[in-house]
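Comments concern the structure below.
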Amino acid sequence: MRGETRPGLGGSAKILTAFFQRDPATVARELLGTFLAVGDTGGIITETEAYRPDDPASHAYRGETAGNRALFGKPATAYIYRSYGIHWCLNFVCGKTQTGSAVLIRALEPTVGLERMRKRRGVDEIRLLCSGPGKLTKALGITNALNGKPLNEPPFLLKLQPHPPEDIIVGPRIGITRGIETPWRFGLRTSRFLSRRFL
DNA sequence: TCGCCGATGTTCT
DNA sequence: GAACATCGGCGAT
């Protein structure tokens, strides 16, 4: 996707849909450097992971269930699930409709609403506010109330970048036991706001 | 900086 | 029962 096809601000449903209606690994790379806000808090996406339905690590691998229904919804919507019974994790649905493809948002560089995020997290250090998928949902106030919601409408705001990011680091995905051979974790190489080092 | 471990709830076998 | 796309605290290095 070239710069002229991307919005400078916000994002119409049409443009966001076109952006997400592609392979999740491509979308995961190009989401790096984009600004994401939820309500009055947000930051720059620094780390993502791609999941495909034919991938044993994906929640879509065994087909649609009540719990993963949003993952089979429209592109450019949110899929939110509870992780380890404690945390919420945020995904963006990709591909053509009902494919079960998604990108997990793993880390942000916090830029907006820092005090609000510190309060929600109970942590002062800015580098720790959104440096993990469970941390960033807590900092942004995300719960499954936003599951299935479109990303072009409040409380979401996604500002795509005019150009795809450069200097991307790639590695194996985190915390999975199957599909570990597929290097679909992506990060901004020079960012100080990653969840963990890349291997 | 690293590795281990317990907490916790939903889903699937 | 087991597995799980995690986190924070702890002690060892």
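Predicted model, so just to flag it, every value in this text is computed and none were measured. Every chain is numbered from 1, with letters handed out A, B, ... down the list of sequences.
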Residues, nucleotides or ligands: over 12 heavy atoms within 6.0 Å of A/F35 CZ: yes
Shared hydrophobic cluster, A/V103 / A/I176 (ILVMFWY, side-chain heavy atoms < 4.5 Å): no
Where chain A begins and ends its contact with DNA chain C, read 5' to 3' at 4.0 Å from heavy atoms: C/dC4 to C/dG8
Nearest-0.5 Å distance, CG of residue A/L104 to CZ of residue A/F186: 12.0 Å
Value rounded to 0.5 Å, distance of CD in A/E30 from CD1 in A/I45: 12.5 Å
Could you check how far [atom1] of [X] sits from [atom2] of [N], rounded to whole Å?
X      : N      : atom1 : atom2 : value
A/R82  : B/dA7  : CZ    : P     : 17 Å
A/E64  : B/dT11 : CD    : P     : 14 Å
A/N68  : B/dG9  : CG    : C1'   : 17 Å
A/K138 : B/dT8  : NZ    : P     : 13 Å
A/Y61  : B/dC12 : OH    : P     : 16 Å
A/Y84  : B/dC4  : OH    : P     : 15 Å
A/R196 : B/dC4  : CZ    : P     : 12 Å

Mate of C/dT13 where both pairing distances stay under 3.5 Å, Watson-Crick or G-U: none
Pairing nucleotide - B/dT8, Watson-Crick or G-U, each distance under 3.5 Å: none
DNA chain C: 5'-proximal contact among A/I174 and A/R121 (nearest heavy atom): A/I174
5′-ward residue of the pair A/T177/A/L128 relative to DNA chain C: A/T177
Could you tell me whether [X] contacts a base, only the sugar-phosphate backbone, or nothing, with contacts defined as non-hydrogen atoms closer than 4.0 Å?
X     : answer
A/N91 : base
A/I86 : base
A/G85 : base

Heavy-atom side-chain proximity of A/L31 to A/F20 below 4.5 angstrom: yes
Polar side-chain atom of A/R173 near backbone of A/A50 as donor-acceptor pair, under 3.5 Å: yes
Flag for A/T41-A/R116: side-chain donor and acceptor within less than 3.5 Å: no
